[in-house]
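Working notes, beginning with the structure itself.
Note that the structure is predicted; figures quoted are calculated from it, not measured. The first residue in the sequence is number 1, and the count goes up from there.
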Amino acid sequence: NSSGVKSIACTFNSVARDCASGVLLSFANMNAGSYNFEVTAVDNAGNTSTKKLSWVVRTPVAHSSQVKVDVVVIIDNSGSMAPEMKSMSQYFSKFLTQLNGLDWQVGIITTDPSANASNLDAIKTDGRLVELVGMPGEFILKSSMPTVNSEKVFGDTIQMATDGSGNERGIVTAKRSVQRAFEAGPINAPHTALFRDGAVLAFVVVSDSHDNNSDPQALIDEVKAHWSGKKVFSFHSIVVPESSFTNPTGTSVDPADPCKGYRESYKFDGRAYYRLSELTGGIKGTVCSTDYGTQLVDMGKSTVTLIKSATLDCPPIDTNNDGKVDNMDVQVMTAAGTPYTTFTVNGDKLVFASGLPLGVNTVNYTCF
């Protein structure tokens with residue numbers, strides 16, 4: 001303390017650099033890379049002290065992301081479903097229209113739970129994704145495809161042979177499709193690709209039968225287990241409505257039943273599917289119609305409004321240097337090109353104040 005400083009020596013990346021006591025050295029506009037600065041001081045008594053500082057300069061990269069939505073369509077491929085398949089294929093574009101501007105994927109499974117049935121096409125059972133017609137080896141429709149192509153492929157694929165099991169269990173096969181995303185083997189690889197982290201998930205079931213002895217909570221628990229409760233999803237039902245015309249002890253269809261022409265059995269309705277829709281905020285539609293257009297529009301809108309957050313490629317940086325990362329650093333643009341600002345930034349996630357408005361599609365931000 002009393003001897004005073006005799007000398008100071010500095011190195012910058014191991015190369016000597018001029019320095020003096022009390023002088024402030026600044027480093028600005030540096031290229032990307034690793035740096036270190038070392039100061040060694042010697043006092044008149046011969047004591048030596050060294051301090052080293054190291055830092056890394058990274059180049060910011062502009063990113064543009066789209067909000068992700070993954071959809072699983074569950075088709076009842078039992079003997080009575082041919083008319084419903086045709087109607088669904090005609091109007092499913094109305095569902096996709098509601099997802100315009102989003103990064104969406106669509107896969108198709110059936111209600112057939114058979115794990116090993118020799119008389120059926122095994123690729124359409126046990127929650128497996130159905131191969132797309134006209135696209136050998138492909139199982140997922142994507143928003144990057146031309147709309148006219150994706151609509152045609154969906155329509156061709158969904159009108160499949162109605163030789164599936166009469167033991168329809170759409171909730172079970174939906175659960176199996178999720179499980180497959182976490183199981184090894186080439187047959188499960190498309191499932192891993194379909195169920196993306198950070199994407200909102202929607203199931204849409206179309207069936208004229210009940211779900212045989214399935215627990216709606218089982219699918220909720222399965223999704224929760226695999227994504228630690230962070231996966232937002234909904235289950236939409238186009239099924240025979242729960243009604244007073246269901247008669248487990250009856251022997252014939254009630255002539256007053258408005259669904260008598262669509263109901264596979266007077267003993268059952270789609271109440272298990274409806275319970276799952278209620279539990280997940282999904283839409284409860286009716287299969288007792290030749291026009292699914294309006295129902296699919298509502299389901300598409302409902303799916304979009306469930307988008308409460310978006311996962312980005314990396315955590316955005318404070319580009320305006322105001323000490324915080326907010327909507328001044330991250331730009332969310334609607335399809336019309338207008339900004340949407342009611343969100344917060346939490347690491348690599350955007351959290352929307354009241355759900356993502358219809359039409360919001362692009363997030364622009366900068367990160368390392």
Using only atom types and a distance under 3.5 Å, with no angle test, would you say the side chain of [X] pairs donor to acceptor with the backbone of [Y]?
X	Y	value
Gln105	Ala193	yes
Lys231	Ala225	no
Asp254	Phe245	no
Asp211	Ile171	yes
Asp76	Thr111	no
Asn13	Asn36	yes

Using the six-membered ring wherever Trp is involved, compare the ring planes of Phe37 and Phe12 and label them parallel, tilted or perpendicular (cut-offs 30° and 60°).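 Because their plane-to-plane angle lies in the 30° to 60° range, the rings of Phe37 and Phe12 count as tilted.
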
Do [X] and [Y] meet the criterion of a side-chain donor-acceptor pair at a distance under 3.5 Å?
X	Y	result
Asn149	Thr147	no
Asp112	Thr125	no
Ser237	Ser277	yes
Thr303	His236	yes
Tyr340	Thr338	no
Thr40	Thr50	yes

Does the side chain to side chain contact (heavy atoms under 4.5 Å, CB included) test come out yes or no for Glu242 and Lys284, once each step is laid out? CA-CA 10 Å; Glu242 179 181 350; Lys284 298 188 295 184; over 6 Å; no

Any chance NZ of Lys94 has more than 12 other-residue heavy atoms, nucleotides or ligands included, within less than 6.0 Å?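 Atom NZ in Lys94 is not crowded, with 12 or fewer foreign heavy atoms closer than 6.0 Å.
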
Is there a side-chain contact between Phe268 and Val240 (heavy atoms, below 4.5 Å)?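 Contact flag for Phe268/Val240 side chains = no.
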
